[in-house]
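Small disclaimer: the values here were computed from a predicted structure and weren't measured.
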Amino acid sequence: MDAEEEGIVASINRNEFHHNFLKSVIVRLDFQGVLEAEMEKVLVLVKPYTKEQGFSRYVEKNANQIDIAVTDKGVPESIETTNRIRRQKVYSFIDENRGFVLDVSKTFICLTINTTHYTPFDDYCGMVPFVAGVYKENIDFFTVTRFGIRKINECLLEDKGQIQQYFNPELFNYYSHLEGVNTIQSNYINVFTHGKHHVNLMTNVAQGQYEGKTVYSVRLDIDAYMDKPDDVILLLDKHERQVEINDLLFEIYTSSLTEKFIALLTSEDDFDSAIMMGVERND
């Protein structure tokens with residue numbers, strides 16, 4: 001991406017986008033485990049809140065919780081020797097109309113949004129902080145460990161050669177230095193910090209079949225988080241801190257696209273599905 005394109009990307013406003021290929025949003029808070037008796041107090045207060053927010057279905061389920069031990073430098077130790085899998089009860093509140101699932105448990109709160117329609121940040125950003133406030137007010141030693149927002153974007157293209165017309169070649173790359181190369185899969189992982197935020201940026205190109213045709217799935221997965229308790233508590237209390245992490249995700253998102261693709265996504269015209277599949281109109 002040259003300097004001119006970088007300037008265009010920097011000037012783009014979120015409201016200018018009329019199309020997206022966003023498939024999932026995950027907002028998650030992790031904390032040190034609480035007691036089952038404490039969970040019962042929390043649920044009594046969370047249930048009426050979720051009803052007010054439009055969650056119409058409630059399910060209790062058992063799920064695996066995987067603990068990964070890390071070194072003092074934050075690097076995972078040997079997976080074979082340090083992973084511990086625990087079963088724990090998860091309480092799920094479901095809003096099928098909006099594609100929202102709010103999970104609460106003894107170790108995490110997680111809001112997952114799966115919908116073809118774009119959901120503005122203000123429509124959901126307060127949910128996890130509100131539930132976290134219920135925990136904090138009713139549990140004597142409530143210790144947060146991580147808060148993150150993850151957004152997964154995915155679309156399908158028939159022509160592998162067009163991928164780098166729409167996506168930043170620095171992030172979406174595959175071997176092309178020999179004639180006749182048949183790309184099966186390509187992955188890119190970049191882990192970095194930006195101020196107090198940690199970011200896992202993952203991209204993937206994978207060959208597959210769709211309606212009898214060979215297509216390429218292009219996936220952009222951005223996970224931004226904070227893991228210092230004081231920073232997490234401040235973020236939960238301050239709406240502007242939540243906006244900061246969401247804005248960071250948007251900046252990384254736009255930097256992952258080319259000027260050509262941004263022009264198509266910001267156009268008010270209908271998106272041509274012959275170019276790629278999976279792009280939806282925001283309104």
Side-chain angles (χ1 to χ4, degrees), residues 24-43 45-46 49-50 60-77 79 82-93 100-114 121 124-152 189 191-202 221-239 241-246 248-249:
S24 297
V25 177
I26 302 166
V27 183
R28 176 169 171 139
L29 173 71
D30 291 277
F31 45 85
Q32 292 182 3
V34 303
L35 301 174
E36 193 62 48
E38 294 172 321
M39 277 302 303
E40 292 175 4
K41 292 191 296 184
V42 167
L43 286 170
L45 298 170
V46 170
Y49 168 74
T50 57
E60 294 183 11
K61 59 189 179 184
N62 289 313
N64 287 334
Q65 173 72 17
I66 301 176
D67 298 325
I68 302 177
V70 297
T71 68
D72 57 1
K73 295 181 180 179
V75 179
E77 294 179 347
I79 292 176
T82 59
N83 278 8
R84 299 180 299 276
I85 300 177
R86 301 183 280 118
R87 296 286 285 176
Q88 70 168 313
K89 184 172 286 187
V90 176
Y91 307 89
S92 293
F93 301 89
F100 285 21
V101 177
L102 177 65
D103 290 330
V104 299
S105 76
K106 294 190 292 185
T107 59
F108 69 86
I109 305 163
C110 182
L111 174 67
T112 303
I113 302 171
N114 291 303
F121 184 63
Y124 61 84
C125 67
M127 292 182 179
V128 170
F130 178 89
V131 177
V134 174
Y135 277 78
K136 185 178 178 182
E137 291 171 8
N138 291 275
I139 296 171
D140 292 334
F141 300 100
F142 180 61
T143 305
V144 296
T145 57
R146 185 188 191 276
F147 177 90
I149 302 177
R150 181 180 179 187
K151 296 189 179 184
I152 301 170
I189 300 174
V191 179
F192 58 94
T193 60
H194 183 271
K196 294 184 177 181
H197 300 105
H198 300 267
V199 178
N200 298 319
L201 171 60
M202 295 160 283
D221 184 339
I222 313 167
D223 176 27
Y225 66 95
M226 307 181 83
D227 59 3
K228 291 185 177 179
D230 289 345
D231 292 335
V232 174
I233 288 294
L234 184 60
L235 183 147
L236 292 170
D237 289 341
K238 301 290 185 180
H239 175 71
R241 294 298 177 92
Q242 298 158 34
V243 171
E244 275 182 21
I245 195 169
N246 190 56
L248 174 60
L249 286 163

Any side-chain heavy-atom pair from [X] and [Y] closer than 4.5 angstrom?
| X | Y | value |
| --- | --- | --- |
| I149 | L249 | yes |
| L45 | E137 | no |
| Y91 | V46 | no |
| D221 | R150 | yes |

From [X] atom [atom1] to [Y] atom [atom2], the distance as rounded to the nearest 0.5 Å:
| X | Y | atom1 | atom2 | value |
| --- | --- | --- | --- | --- |
| N246 | H239 | CG | NE2 | 9.0 Å |
| F130 | I109 | CZ | CD1 | 11.0 Å |
| I113 | K151 | CD1 | NZ | 8.5 Å |
| R146 | R28 | CZ | CZ | 8.0 Å |

Quick one: closest heavy-atom pair of [X] and [Y], and the distance?
| X | Y | value |
| --- | --- | --- |
| M127 | Y49 | CA-OH, 3.5 Å |
| G33 | T107 | CA-CG2, 3.9 Å |
| S105 | M39 | O-SD, 3.3 Å |
| Q242 | L236 | NE2-O, 3.4 Å |
| I245 | A224 | CD1-O, 3.4 Å |
| M226 | L235 | SD-CD1, 3.3 Å |

Heavy-atom neighbours of F141 CZ exceed 12 at 6.0 Å: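 No.
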Can L102 and T50 be said to form a side chain to side chain contact (heavy atoms under 4.5 Å, CB included), step by step? CA-CA 9 Å; L102 177 65; T50 57; 3.8 Å; yes
What do the steps show when you test F121 against V25 for side chain to side chain contact (heavy atoms under 4.5 Å, CB included), and what is the final call? CA-CA 10 Å; F121 184 63; V25 177; over 6 Å; no
With sequence neighbours excluded, tell me which residues meet side-chain contact (heavy atoms from CB on, under 4.5 Å) with K61.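 If we apply the side-chain contact (heavy atoms from CB on, under 4.5 Å) test to K61, skipping adjacent residues, the hits are V90, S92, D103.
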Using ring-ring contact (aromatic ring centres under 6.0 Å, His included) as the criterion, list what pairs up with F31, not counting sequence neighbours.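 If we apply the ring-ring contact (aromatic ring centres under 6.0 Å, His included) test to F31, skipping adjacent residues, the hits are Y135, F142.
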Please table the atom pairs, donor to acceptor, closer than 3.5 Å between any side-chain atom in residues 193-202 and protein atoms at least two apart or in another chain.
residue	atom	partner	partner atom	Å
K196	NZ	D231	OD1	3.4
H198	NE2	D227	OD1	3.3
N200	ND2	D223	OD2	3.4

